[in-house]
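Inspection log for the structure reproduced underneath, given as structure tokens.
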Amino acid sequence: IATCRAGLIPALLRHQDTFPGSGLLALTIFAWVVSWVRYNFTKDRVLHLSPQLLHLLQEWSSRQTASESERALAKQLFEDFSRATPATSAPIP
């Protein structure tokens with residue numbers, strides 16, 4: 001999940017500006033999914049996200065077109081998940 005280029009997470013995060021509020025909705029669903037995976041399926045509850053996902057979250061937290069709550073959630077997610085080292089395995093094409 002953390003390094004896959006094709007699948008749920010990348011598709012979800014492409015919806016930053018699909019409709020009003022879509023960015024916050026996409027981030028909220030992303031937050032739930034990665035938190036659920038981290039809590040239920042990882043050793044020591046540490047989930048290593050890809051550098052690309054971490055970068056996307058960091059950029060999202062400063063997007064001028066994003067709402068304040070959207071930027072705050074992106075920043076919180078970036079800070080939370082960047083505490084773990086980024087995933088190092090090669091992404092799936």
Side-chain angles (χ1 to χ4, degrees):
I1 188 170
T3 59
C4 184
R5 284 189 186 189
L8 173 67
I9 299 301
L12 180 64
L13 295 178
R14 280 194 295 268
H15 291 282
Q16 294 179 10
D17 296 313
T18 305
F19 56 87
S22 64
L24 183 57
L25 181 59
L27 275 177
T28 302
I29 294 168
F30 171 77
W32 185 87
V33 169
V34 294
S35 296
W36 180 77
V37 168
R38 176 174 61 183
Y39 186 84
N40 290 291
F41 299 103
T42 63
K43 181 178 165 85
D44 299 324
R45 296 195 173 127
V46 175
L47 181 62
H48 304 273
L49 297 183
S50 70
Q52 295 86 354
L53 275 177
L54 291 172
H55 181 71
L56 183 133
L57 290 171
Q58 187 176 32
E59 284 185 338
W60 202 326
S61 70
S62 61
R63 286 181 52 228
Q64 295 301 315
T65 57
S67 68
E68 183 65 33
S69 55
E70 194 176 328
R71 287 191 303 267
L73 180 53
K75 180 180 179 190
Q76 180 182 3
L77 287 165
F78 172 75
E79 290 173 351
D80 185 21
F81 285 94
S82 65
R83 287 184 290 207
T85 56
T88 57
S89 63
I92 298 169

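Computed from a prediction, not measured in an experiment: that's the story for all the values here. For this chain, numbers begin at 1 and follow the sequence in order.
W36 and F41 have perpendicular rings, their planes meeting at more than 60° on a 0 to 90° scale where under 30° would count as parallel.
Heavy atoms only, all atoms of each residue included: A87 and H48 are closest at CB-O, 3.4 Å. The minimum heavy-atom distance linking P51 with P86 is given by the pair CG-CB, 3.9 Å.
A distance of 5.5 Å separates CG of L24 from OG of S67, quoted to the nearest 0.5 Å. Here the straight-line distance linking atom CD of Q16 with atom OG1 of T65 works out to 7.5 Å at 0.5 Å rounding. Once rounded to the nearest 0.5 Å, the distance linking OG of S62 with CG of L57 reads 11.5 Å. Between atom CG of residue L49 and atom CZ of residue F30 there is a gap of 5.0 Å, rounded to the nearest 0.5 Å.
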Step-by-step side-chain contact (heavy atoms from CB on, under 4.5 Å) determination, V46 to K43: CA-CA 6 Å; V46 175; K43 181 178 165 85; over 6 Å; no

CA sep, side-chain torsions, deciding dist, call: L27, Q76, side-chain contact (heavy atoms from CB on, under 4.5 Å): CA-CA 11 Å; L27 275 177; Q76 180 182 3; over 6 Å; no

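Considering only heavy atoms from C-beta on, E70 stays 4.5 Å or farther from L73 through its side chain. Here the side chains of L53 and F81 are not in contact, with every heavy-atom distance at 4.5 Å or above. For the pair L13 and W60, the minimum side-chain heavy-atom distance is below 4.5 Å.
A donor-acceptor pair under 3.5 Å is formed between the side chain of R45 and the backbone N or O of Y39. Judged by distance alone, with hydrogens and angles left aside, the side-chain atoms of S35 form no donor-acceptor pair with the main-chain N or O of W32 at under 3.5 Å. The backbone N or O of L47 sits nowhere less than 3.5 Å from a side-chain atom of R38 that would complete a donor-acceptor pair.
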